[in-house]
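Each chain gets a letter, A, B and so on, in the order the sequences are listed, and its residues count up from 1. Note that the structure is a prediction, hence the values are computed from the model and not measured.
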Protein chains: 2
Amino acid sequence: MPSLTYAEENYLKAIYHLSDGGKHNVSTNDLSKEMKTKPASVSDMLRKLSDKEVINYRKYYGVTITEEGKKSALQIIRKHRLWEVFLVEKLMFSWDEVHDVAEELEHIKSTILIQRLDDFLGNPKYDPHGDPIPDEFGDVKARPRIPLNDLGLNDSGQIVAVKDSSAAFLRYLDKVGAYIGARIKILDKVEFDGSLEILVDNKKTLFMSKDVAGNILIIQS
Amino acid sequence: MPSLTYAEENYLKAIYHLSDGGKHNVSTNDLSKEMKTKPASVSDMLRKLSDKEVINYRKYYGVTITEEGKKSALQIIRKHRLWEVFLVEKLMFSWDEVHDVAEELEHIKSTILIQRLDDFLGNPKYDPHGDPIPDEFGDVKARPRIPLNDLGLNDSGQIVAVKDSSAAFLRYLDKVGAYIGARIKILDKVEFDGSLEILVDNKKTLFMSKDVAGNILIIQS
DNA sequence: TTTATTTTTTAGATTAATCTAAATCAATAA
DNA sequence: TTATTGATTTAGATTAATCTAAAAAATAAA
Ligand SMILES: [Mn+2]
Ligand SMILES: [Mn+2]
Ligand SMILES: [Mn+2]
Ligand SMILES: [Mn+2]
């Protein structure tokens, strides 16, 4: 694996995410938006990443991630998610507080550190937002997850992840009492605006907008 | 406290240490040696640190650290040492493995992270090398410590810290069975080369060179 | 108290990561 | 199929952290 700078790691991770794990092409403008840098800066960075052979770059046609790049990206994601677990499980952070700190911790370079952190945490399979943690070889246990939106009336399932990990969204979920692991059932779907009424843990009913429901990921059952 | 870059933090910490906590003046060449950079680079950096008012810099006459600078340095040292405790106590690192990783972790910017790490570790007062951990206000519980060298024949005491934290030295101590907390007594002092014979925990006798003894710190008793 | 030596600073480059402004390419629309 | 538009790249700067080589200042030696 080529050695990447801090900034290169962040770009590569963004490319991995925006391409949905390498499935699609990513454009300069999309990256520019994601990274909050100007398109010109992105072009510069793409040349560097291409030189290091972690992406395939054809000028004017966007990028795809290489197999090598995917491996590197998955190691960064692994670190990010393990640190998130550490912060929540051991340091009592709430799930809306961990992202920015993990964004820094993910760049600490030490293989042994991550191995031992993984063991210390009991080799967790998912992070606090329900996202799978790649193993040391980059293998990911992907569960099939669908947006809460896609359930029909009277369907039921379990919340397993969130699509949006912003503090604002997570705090909203805390407030209304939606959490990962919660069992839910669709009591009503409003035609007009796509909003839902759901039953949480056979106990509490909850109204939520289409927008919110689209960011909650479910395993149907 | 002014915000410092990664490199600025490392220089400031070096200045703090080389000046023995602000007691002495530090020269450009000394810093250059410590930081493994050229004197020219040090001069550049001193101007920057001076602009941020963490050091007093008089061209050609070296630097002293300001009160503000001392505070900043102590926060970095606090983080470094807390992370070292974490690595040893929780992740099963040995005391000779922690330094380089802590050197990176100390730069993670998050007040809440350090507060919670401190609590998680049970508010330790000393790091794995016996060095005191400054509290959140920068207050340090300094114990009087003397080099093992300075003890006289039949004097006894307890190992509380090491002066040299290099992996080589620490592994040597592991090998011969000297550790922090060990009770020791001077059985013999060789005039010729300053080497010592000591009794460890009333059990095991140990020979060590003057050089080694000078890097072991003791509280006499 | 001159001269020589050592230390320190300045000048001028380089690399990484960013920016703005200008140029260029590709896709779309007439 | 050409013109327009929007996306992307290139050119030229800037800031941070380093370097080498040269100049200047302080210290030590004669
Ligand atoms: Mn990051
Ligand atoms: Mn996450
Ligand atoms: Mn450091
Ligand atoms: Mn230490």
Side-chain angles (χ1 to χ4, degrees), chain A residues 1-15 18-19 24-65 69 72-73 76 100 103-104 106-109, chain B residues 1-15 18-19 24-65 69 72-73 76 100 103-104 106-109:
Chain A
M1 282 204 257
S3 118
L4 301 174
T5 67
Y6 195 105
E8 285 169 349
E9 288 192 343
N10 283 334
Y11 272 92
L12 187 63
K13 190 157 65 93
I15 292 167
L18 289 176
S19 68
H24 324 299
N25 202 280
V26 179
S27 77
T28 299
N29 262 4
D30 287 353
L31 263 170
S32 159
K33 188 166 295 175
E34 175 75 14
M35 301 302 295
K36 300 179 203 317
T37 56
K38 298 290 136 128
S41 310
V42 174
S43 286
D44 279 349
M45 184 54 85
L46 293 182
R47 197 186 31 66
K48 290 179 207 162
L49 290 174
S50 181
D51 288 347
K52 294 194 176 177
E53 302 185 326
V54 290
I55 60 170
N56 301 118
Y57 177 37
R58 246 189 80 207
K59 269 186 209 174
Y60 294 103
Y61 290 90
V63 293
T64 56
I65 195 164
S72 296
I76 304 163
D100 292 346
E103 204 57 46
E104 287 191 58
E106 72 188 1
H107 302 287
I108 303 286
K109 302 239 186 296
Chain B
M1 280 205 260
S3 116
L4 301 174
T5 66
Y6 195 105
E8 285 169 349
E9 287 193 343
N10 282 335
Y11 271 92
L12 187 62
K13 190 157 64 90
I15 293 166
L18 290 176
S19 68
H24 325 297
N25 201 280
V26 180
S27 77
T28 299
N29 262 4
D30 287 352
L31 263 170
S32 160
K33 188 165 296 174
E34 176 74 15
M35 300 303 294
K36 301 178 202 314
T37 56
K38 297 290 135 123
S41 310
V42 173
S43 287
D44 280 348
M45 184 54 85
L46 293 182
R47 198 186 31 67
K48 291 179 205 161
L49 291 174
S50 182
D51 288 349
K52 295 195 175 175
E53 302 185 330
V54 290
I55 61 171
N56 302 116
Y57 176 39
R58 247 189 80 208
K59 268 185 209 171
Y60 294 102
Y61 290 92
V63 293
T64 57
I65 196 163
S72 296
I76 304 163
D100 292 347
E103 205 57 48
E104 288 191 57
E106 72 188 0
H107 302 287
I108 303 286
K109 302 240 184 296

### Task
Mind jotting down which residue pairs meet the side chain to side chain donor-acceptor pair (under 3.5 Å) criterion with at least one end in residues 40-54 of chain A? Sequence neighbours excluded, please.
A:E8-A:K52

### Message
Tell me every residue that passes side chain to side chain donor-acceptor pair (under 3.5 Å) with B:K38, counting only those two or more places apart in sequence or in another chain.
### Response
none

### Message
Considering every strand and a 4.0 Å limit on heavy-atom distances, what is the contact class for B:Y6: base, sugar-phosphate, or nothing?
### Response
nothing

### Message
Suppose we screen for side chain to side chain contact (heavy atoms under 4.5 Å, CB included). Which residues come up paired with A:E106, at least two apart in sequence or across chains?
### Response
A:N10, A:K13, A:I76, A:K79, A:H80, A:E103

### Message
Please enumerate all residues that pass side chain to side chain contact (heavy atoms under 4.5 Å, CB included) together with A:A7, with sequence neighbours excluded.
### Response
A:T5, A:M45

### Task
Under the side chain to side chain contact (heavy atoms under 4.5 Å, CB included) rule, collect the residues that match up with B:K33, sequence neighbours excluded.
none

### Message
Does anything in residues 56-64 of chain B come within less than 4.0 Å of DNA chain D? Heavy atoms only, and list the residues if so.
### Response
B:Y60, B:Y61

### Query
Rounded to the nearest 0.5 Å, how far does CG of A:D30 lie from OG of A:S19?
11.0 Å

#### Entry: Non-neighbouring partners of A:N56 that pass side chain to side chain contact (heavy atoms under 4.5 Å, CB included), sequence neighbours left out
A:T64, A:T66

### Query
Which residues pass the side chain to side chain donor-acceptor pair (under 3.5 Å) test with B:K59, sequence neighbours left out?
none

### Message
Any base atoms under 4.0 Å from B:A7, or only sugar-phosphate, or nothing? Heavy atoms, all strands.
### Response
sugar-phosphate

### Task
Would you mind classifying the nucleic acid contact of B:S41 as base, sugar-phosphate or nothing, using non-hydrogen atoms under 4.0 angstrom?
base

### Message
For DNA chain C, which residues of residues 43-53 of chain B approach it to below 4.0 angstrom with any heavy atom?
### Response
B:S43

### Query
For B:Y6, what residues pass the ring-ring contact (aromatic ring centres under 6.0 Å, His included) criterion, not counting sequence neighbours?
B:H107

### Task
Can you sort out the partners of B:Y60 under ring-ring contact (aromatic ring centres under 6.0 Å, His included), two or more places apart, ordered by chain and number?
none

## Note on the structure
Under a 4.0 Å heavy-atom criterion, DNA chain C is touched by chain A from C:dA16 to C:dA27

